[in-house]
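Here is how names work: the chains are called A, B, and so on, in the same order as the sequence lines, proteins then strands, and each is numbered from 1. This structure is a prediction, so every number in the text was calculated from the model and none was measured.
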Protein chains: 2
Amino acid sequence: MKEKEAKSLVKMFKALAHPNRFRLFLEIVQESEKAFEEGHDCFANAIMDKLNVGAPTISHHLKELVNADLISTERKGKFLTCRVNPDAMARLNVFFSRT
Amino acid sequence: MKEKEAKSLVKMFKALAHPNRFRLFLEIVQESEKAFEEGHDCFANAIMDKLNVGAPTISHHLKELVNADLISTERKGKFLTCRVNPDAMARLNVFFSRT
DNA sequence: TCGATAGTTTGACGAATGTCGAATTGATAA
DNA sequence: TTATCAATTCGACATTCGTCAAACTATCGA
């Protein structure tokens with residue numbers, strides 16, 4: 001494995017390595033599926049209510065997930081929408097399939 | 001996903017979330033394959049030389065990998081042998097396949 | 001325009017983490 | 001037994017990290 005890919009994977013692991021941030025990620029995955037089926041977006045707002053941490057913390061954690069390339073966000077008016085990055089998932093999948 | 005499984009995954013991610021520890025894990029994976037083909041064990045000793053950290057640090061990192069259930073170790077005389085835990089790999093594989 | 005709502009930035013603080021040197025244990029070889 | 005080598009434990013240190021309160025920005029509705 002290339003050094004660059006290893007570094008990228010480590011960043012993803014670090015992003016998933018905290019209970020609250022992992023739960024946040026799981027919620028986004030779940031909510032994304034539901035949102036897709038129902039034809040709307042996944043709003044950060046809806047997820048924030050489910051976790052027991054303040055808004056600044058959520059904002060901070062979201063930034064780390066984005067920074068690790070696990071998700072991407074887009075501002076829609078007053079709200080923030082989230083999408084899981086399929087490419088990242090694919091790379092993680094490959095890594096653990098070959099290990 | 002059950003809370004218990006989530007906790008276990010987070011522990012694995014945390015164990016893989018540091019560059020040196022991830023490299024250590026990669027070396028064990030690699031060395032394990034080679035060792036299997038050549039009919040011997042994977043010795044911690046052989047791996048230690050490849051990383052630029054002291055023995056106490058390696059010992060510490062190995063313990064975390066074991067604690068996360070990613071590997072198991074066995075003392076053979078003066079040396080320590082390592083084996084990747086296939087069950088852990090399978091669970092990680094499942095997680096990223098379904099995500 | 002004004003007030004309310006969603007999210008971000010900043011600064012601070014305690015907790016957890018990675019690393020090392022020194023001392024220690026366990027096992028082999030001489 | 002003694003010397004040597006592999007690995008662990010302990011104590012300390014600097015660094016990173018998670019969280020929050022307060023202040024701020026941006027957008028929408030009235």
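- Taking atom CG on B/Leu80 and atom P on C/dA27, their separation rounds to 12 Å, with Å as the unit.
- Using a 4.0 Å cut-off on heavy atoms, the residues of residues 17-31 of chain A that approach DNA chain D are A/His18, A/Asn20, A/Arg21, listed by number.
- To the nearest angstrom, P of C/dG18 lies 9 Å from NZ of A/Lys14.
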Evaluate salt bridge (charged side-chain N to carboxylate O under 4.0 Å, His left out) for A/Glu64 paired with A/Lys11, printing each intermediate quantity in order.
CA-CA 9 Å; A/Glu64 290 214 26; A/Lys11 217 172 186 179; over 6 Å; no
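- Atoms CG (B/Asp49) and P (D/dC5) sit 13 Å apart, rounded to a whole Å.
- The interatomic distance linking A/Phe43 (CZ) with C/dA6 (P) rounds to 12 Å, in whole Å.
- Take the nearest nucleotide of DNA chain D for B/Arg75 and for A/Arg75: the residue whose nucleotide is more 5' is B/Arg75.
- With rounding to whole Å, B/Asn45 atom CG is found 15 Å from C/dG26 atom C1'.
- The stretch residues 50-60 of chain B touches DNA chain D through B/Ala55, B/Pro56, B/Ser59, each having a heavy atom under 4.0 angstrom from the strand.
- Put simply, A/Lys76 has no side-chain N or O that comes within less than 4.0 Å of OP1 or OP2 on C/dA6.
- What separates NE2 of B/His61 from P of C/dC20 is a distance of 9 Å, to the nearest Å.
- Distance, B/Glu64 CD to D/dT8 C1': 15 Å, rounded to whole Å.
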Run the side chain to side chain donor-acceptor pair (under 3.5 Å) check on B/Arg75 and B/Thr81 step by step: do they pass?
CA-CA 6 Å; B/Arg75 185 140 211 158; B/Thr81 65; over 6 Å; no
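- A single hydrophobic cluster is not seen to contain both A/Leu80 and A/Phe43; linkage of ILVMFWY side chains at heavy-atom distances under 4.5 Å, directly or through other members, places them apart.
- Rounded to whole Å, the distance from CZ on A/Phe13 to C1' on D/dT16 is 20 Å.
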So A/Asn85 and A/Ser72, side chain to side chain donor-acceptor pair (under 3.5 Å) or not? Walk me through it.
CA-CA 7 Å; A/Asn85 180 6; A/Ser72 61; over 6 Å; no
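- Nearest heavy atoms, A/Lys50 versus A/Arg23: O-NH2, 3.2 Å.
- When all heavy atoms of A/Leu92 and A/Leu70 are compared, the closest pair comes out as CD1-CD2, 4.0 Å.
- Between the side chains of A/Thr73 and A/Arg83, no donor N or O sits under 3.5 Å from an acceptor N or O.
- Linking Ile, Leu, Val, Met, Phe, Trp and Tyr residues whenever their side-chain heavy atoms come within less than 4.5 Å leaves A/Phe79 and A/Ile28 in two separate clusters.
- Other residues, nucleotides and ligands place no more than 12 heavy atoms under 6.0 Å from the CG atom of B/Asn52.
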